[in-house]
2 protein chains.
Amino acid sequence: MVVVTRVSGEMSEPVLLPLADTPPAERRDAARNRIALLEAAERLVAAHGVAAVTMDAVAHEAGVGKGTVFRRFDSREGLMAALLNHSETEWQASVISGPPPLGPGAEPWDRLLAFGRSRLETTILHAELIRAAGRASTRSYAAYSFIAMHMRYLLAELGVTGDLQLLAIALLAPLEAPILDQVELDGIPVDRVYAGWVDLARRIVGR
Amino acid sequence: MVVVTRVSGEMSEPVLLPLADTPPAERRDAARNRIALLEAAERLVAAHGVAAVTMDAVAHEAGVGKGTVFRRFDSREGLMAALLNHSETEWQASVISGPPPLGPGAEPWDRLLAFGRSRLETTILHAELIRAAGRASTRSYAAYSFIAMHMRYLLAELGVTGDLQLLAIALLAPLEAPILDQVELDGIPVDRVYAGWVDLARRIVGR
DNA sequence: ATAAGAAACGGACCATGGTCCGTTTAGTCC
DNA sequence: GGACTAAACGGACCATGGTCCGTTTCTTAT
């Protein structure tokens, strides 16, 4: 939303130029509370783990009413998804502009391998949060669309042809929390999962 | 567990030969209640959908206390997983001994394609239940191990070499509910998902 | 048949996610 | 600055999953 300070002279026409269908902008108190809640939640996670992040607890820790938590984040899953997005921002930055081979500058194939490895590790690292975010993590979860998009980009760079969206999903799936769940139950070590994934990538890309 | 009827003559020795660490066998009332609960739950699903399957509702419908429901199935997810297993039994039978190409008798490649298609449809059909079963659906969910095992078998038949377990997971992943969730959000039609999966299979199998 | 022990039962009770609505507060317009 | 409106607030309230423990029922041994 673009705010134009009132033109002092005559013709004191419109002052707000809402871009397309931009949401009406957040009220100050609302914004303040969002931040307070996010920080409170982070504090709770750090101190007592994801399980301790109760809606009541967060509300209390942030010094607001419970209703406020729900108005801001819709549900517990929504709150978790918000935490997740925050956590993954740094990772995204390193993909977009960090050092190679994860960041730009390396050969596509090497970037792909680095991407897979890094994604696998990040998923494991955030596993608790991802599970707690449930479906919200794939929905509003900005992180996911980024991941899928980048994968499509890498596949295109590698000259892969076909339904890139579907191929990207297929290549990403074995690195996602729900699938990893299945794997870890059998006690397979991470390195083997990665090795299997590389083999898969080779077959898909055609190397 | 093997039960040997008492030998009428002398030497009236042991009567129960528990195999290895077989659980102590279910008491009559327990067994009766398990069935009553399962049927009650099925009735509720049929009548009002998965969402209406409340633990209280099931208990009431089965004419049993709530505690009993939990003792039998551990949790709501556990109950859902049980329902799921029941639903999938028929499908499993058609894979094991039904008509080709899903059942035995067809070429491995054709069986693989039929398997993928059928699995995709079944997942969509049971989507609600699968979601409601959550993690229990991959854990105790007997159905899943069957699926994975059959996929490994087909890959082996096709002469695929490598980490078959991992490849099976990768090939199955795009047909699973959580991944399908992502796809359906973008409104991709089922046929396209299937086509994408076939392409994936081709690349993995090497055709 | 009876007694003893183990296992199952049932429903009150607790914790937590989610809703509702009367009250308060940030913006806006004069 | 004061009035007005829409949005945000807060916490009582509800629904539902899950636990607990005193009571009842099955099973086995005598």
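So you know, we letter chains A, B, ... as the sequences are listed, proteins then strands, and number each from 1. What you see is a predicted model, and the numbers here were worked out from it, not measured in a lab.
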**Asked** A:Arg32 has an atom CZ; how far is it from atom P of C:dA26, in whole Å?
**Response** 7 Å
**Item:** Under 3.5 Å donor-acceptor, B:Arg43 side chain and B:Ala62 backbone
**Value:** no
**Asked** With a 4.0 Å cut-off on heavy atoms, is A:Arg28 in touch with a base, just the backbone sugar-phosphate, or nothing at all?
**Response** sugar-phosphate
**Message:** Quick check against the 3.5 Å criterion: does A:Arg76 have a side-chain atom that pairs as donor or acceptor with the backbone of A:Val53?
**Reply:** yes
**Asked** Reckon A:Arg34 touches a base, only the sugar-phosphate, or nothing at all at heavy-atom distances under 4.0 Å?
**Response** nothing
**Message:** Name the residue from B:Arg32, B:Arg34, B:Arg71 that meets the salt bridge (charged side-chain N to carboxylate O under 4.0 Å, His left out) definition with B:Glu26.
**Reply:** B:Arg34
**Message:** Using modelled atom types and a 3.5 Å cut-off, is there a donor and acceptor pairing between side-chain atoms of B:Tyr194 and backbone atoms of B:Gly116?
**Reply:** no
**Item:** Under-3.5 Å donor-acceptor pair between B:Arg27 side chain and C:dA8 base
**Value:** no
**Message:** Show the nearest heavy-atom pair for residues B:Val50 and B:Met80, with the distance to one decimal.
**Reply:** CG1-CE, 3.9 Å
**Message:** Tell me the interatomic distance from A:Asp29, atom CG, to C:dT24, atom C1', rounded to whole angstroms.
**Reply:** 10 Å
**Prompt:** Atom CD of A:Glu26 to atom C1' of D:dA7: distance rounded to whole Å?
**Reply:** 11 Å
**Request:** Could you give me the CA-CA distance, side-chain angles and deciding distance for B:Asp163 and B:Arg152, then say whether salt bridge (charged side-chain N to carboxylate O under 4.0 Å, His left out) is met?
**Result:** CA-CA 10 Å; B:Asp163 189 331; B:Arg152 284 203 300 279; over 6 Å; no
**Request:** Assign a letter to each nucleotide of nucleotides 10-21 of chain C from its 5' end: B, base within under 4.0 Å of a protein heavy atom; S, sugar-phosphate only; -, no contact.
**Result:** BB-----BBB--
